[in-house]
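Just below is one structure, and these are the notes that go with it.
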Amino acid sequence: MHPIVTLVAQRLALGFLLLFAASILIFAGTTMLPGDVAQQILGQSATPQSLANLREELGLNEPALTRYFDWLSGVLQGDLGTALTNGRDIADSIGGRLKNTMFLAFWAALVSVPLAIFLGLLSVRYKDKWPDKLISAVTLTTISIPEFMIGYILIYWLAIKLRWFSSVALINDNMSLLEKLNSIAIPVIVLTLVVLAHMMRMTRAAILNVMQSAYIETAELKGMRMLKIIRTHAFPNAVAPIVNVVMINMAYLVVGVVVVEVVFAYPGMGQYLVDHVAKRDVPVVQACGLIFAAVYIGLNLVADIVSIVTNPRLRHPK
Amino acid sequence: MIRIPPAALIGLFFTLLFFFCAVFAPLIAPYGMAEVVGDVWEPSSREFLLGTDSIGRDLLSRMIWGGRTTIFIATAATILSFFTGSVLGFFAAVSGGWVDQALSRFVDLIMSIPSLIFALVVLSVMPTTILTLIVLMGLLDSTRVYRLARAVAVDITVMDYVEAARLRGEKIGWIIFREILPNALSPLVAEVGLRFIFMVLFVSTLSFLGLGVQPPQADWGGIVKENKEGINYGIQAALYPAYAIAALCISINLVADWILGRTTSLKGGRG
């Protein structure tokens, strides 16, 4: 078998193992902690009878291991259980929300990835001159403010003062694509700003790393123009690290989505998760946690595989 | 005499100012933390410099008290994170073998779930007290410190003086604290600032989501949550914490950059 196939297969197997372990961790996190889950859900004023009923309903009287495997086998068959708070099927509630979240993340990625790479290249081209300094000052600022605060600052200026966009991002299936895009404009800008900063800085570092190689110096010494050096020598060698950076930041985007959805009352997975954490609805939290972890692990896995495929040096481990 | 570059000096000044306000909040704040003193969302005046908040509390006082809470939690969590992370990291590096493998794979596992998601999962069953927040954030973040500490310590454990200490029959505690720690200190110190910033952002996010510091206790994330409705009427109350956090984080970044530059130049450049 080709060595790449073996390596990729190994990575995939490792990814699944990691996901399995993560599911144990999420389950353990919600069940084996000190304190009585039923008591936490119902509060201090709960009667012993209602506590006993809830324990029965949650299956808390059975050993944790049995409950874990019941839960896992359900999840593998697409049955995420029912929500404690409204008794609805979790998989049904998540379906549409997951689509909305992906819609938001997709547009944020579509805007931020090309922009980050372009700005990264620009700041390498003008390293230590004013464009580089300006870009790094702006990105330092956006890194230093939490996502939700960037959200409110933009709502204040773009939606309230200038009235360009609406301050809530409500979307439904009856809207045309253009209406939807107008509605999610500010959330997309917020996510772009947050991810852009990290992605651009990492891209800049990746290209600078390549620029310090001996072959770049040779090209410089033979009198090649800077932009041409970047295009023909630096960029091809920087593709693998850049793709890696992009994937890592997509994983980061998935987390940023959680907070941004709450800010804009966007009907997605993140808001669903946060709402149900506050209501202490454990089955929903477990299901959402697992899905977020799966997406995160999946994107990191893709980053790994891309770097193996594009970087010949990684194919021949010492 | 150490020459401090102007950027670091500005950073240092503002960092110290924030910590000073945090420590002496009871003396500086014009009003009490949860004291209702005026009307809802009064504009800024001589009486209330930043105006009042959503239920008529003085916003400047809320900001100062809130900064105290946020900075206290972030500091405590950073200390816990560094203590746990570096001790375990050094321990793994010195022990090697299966201890190292087990600890490192466990850390990989925890890092495979985003910190925020993990925190939300745990907070769905734990009471949201300040102690829970500190322990949770500190332990989750210690995984990053662990990786750094282990990476640094692995290079040190192969040194002759560590080997000599082992041959002398020193215990593992001696090796960690007397041989490894002093030599691994500078890269760890440079990391402190960045972890602290992360903690400030983390606790603010949790509070904003309503899962961190609980009202009436003030904290920067909570102030945004309490006043976010005002934004729709063009009231800036919810934006002040954003300016405060940005100022604090940028200041610390400036100081951290300077320390990082100094420690690496001591070793003759990066790497």
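Letters A, B, ... mirror the listed sequences (proteins, then strands); counts begin at 1. Computed over heavy atoms, backbone and side chain alike; hydrogens, waters and symmetry mates excluded.
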Next item on the list: Check whether Leu120(B) gets within reach of chain A through its side chain, its backbone, both or neither, counting any heavy atom under 4.5 Å.
Entry: both
Item checked: Max heavy-atom pair count under 4.5 Å with chain A, selected residue of Leu109(B), Leu116(B), Ile110(B), Asn253(B) -> Leu109(B)
Notebook entry, point to check: Taking Glu147(A) for the side chain and Val259(A) for the main chain, is one N or O donor matched with an acceptor at less than 3.5 Å?
Noted result: no
Note to self: Around atom OH of Tyr243(B), are there more than 12 heavy atoms from other residues, nucleotides or ligands closer than 6.0 Å?
What the structure shows: yes
Next item on the list: Would you check if the distance from the ring center of Tyr152(A) to the ring center of Phe208(B) is below 6.0 Å?
Entry: yes
Note to self: Tell me whether Tyr68(A) at atom OH has more than 12 heavy atoms from other residues, nucleotides or ligands lying less than 6.0 Å away.
What the structure shows: yes
Notebook entry, point to check: With a 4.5 angstrom heavy-atom cut-off, which part of Leu273(A) approaches chain B: side chain, backbone, both or neither?
Noted result: side chain
Item checked: When Gly221(B), Gly210(B), Ser204(B) are compared by non-hydrogen pairs under 4.5 Å with chain A, the top option -> Ser204(B)
Check: Any luck finding a side-chain donor-acceptor pair between Ser115(B) and Arg144(B) under 3.5 Å?
Finding: yes
Check: With only heavy atoms counted, which part of Leu239(B) is less than 4.5 Å from chain A, the side chain, the backbone, both or neither?
Finding: side chain
Next item on the list: Could you tell me whether a side-chain N or O of Thr84(B) sits under 3.5 Å from a main-chain N or O of Ser81(B), the two making a donor and an acceptor?
Entry: no
Next item on the list: Kindly check if the number of other-residue, nucleotide or ligand heavy atoms within 6.0 Å of CZ (Phe72(B)) is above 12?
Entry: no
Next item on the list: Sort Ile250(B) into side chain, backbone, both or neither according to what part of it lies under 4.5 angstrom from a heavy atom of chain A.
Entry: both
Item checked: Interface moiety of Ile252(B) toward chain A, non-hydrogen atoms closer than 4.5 Å -> neither
Notebook entry, point to check: Between Lys225(B), Arg105(B), Lys228(B), which has the largest tally of heavy atom pairs under 4.5 Å with chain A?
Noted result: Lys228(B)
Next item on the list: Measure Phe198(B) against the heavy atoms of chain A and call it side chain, backbone, both or neither at under 4.5 Å.
Entry: neither
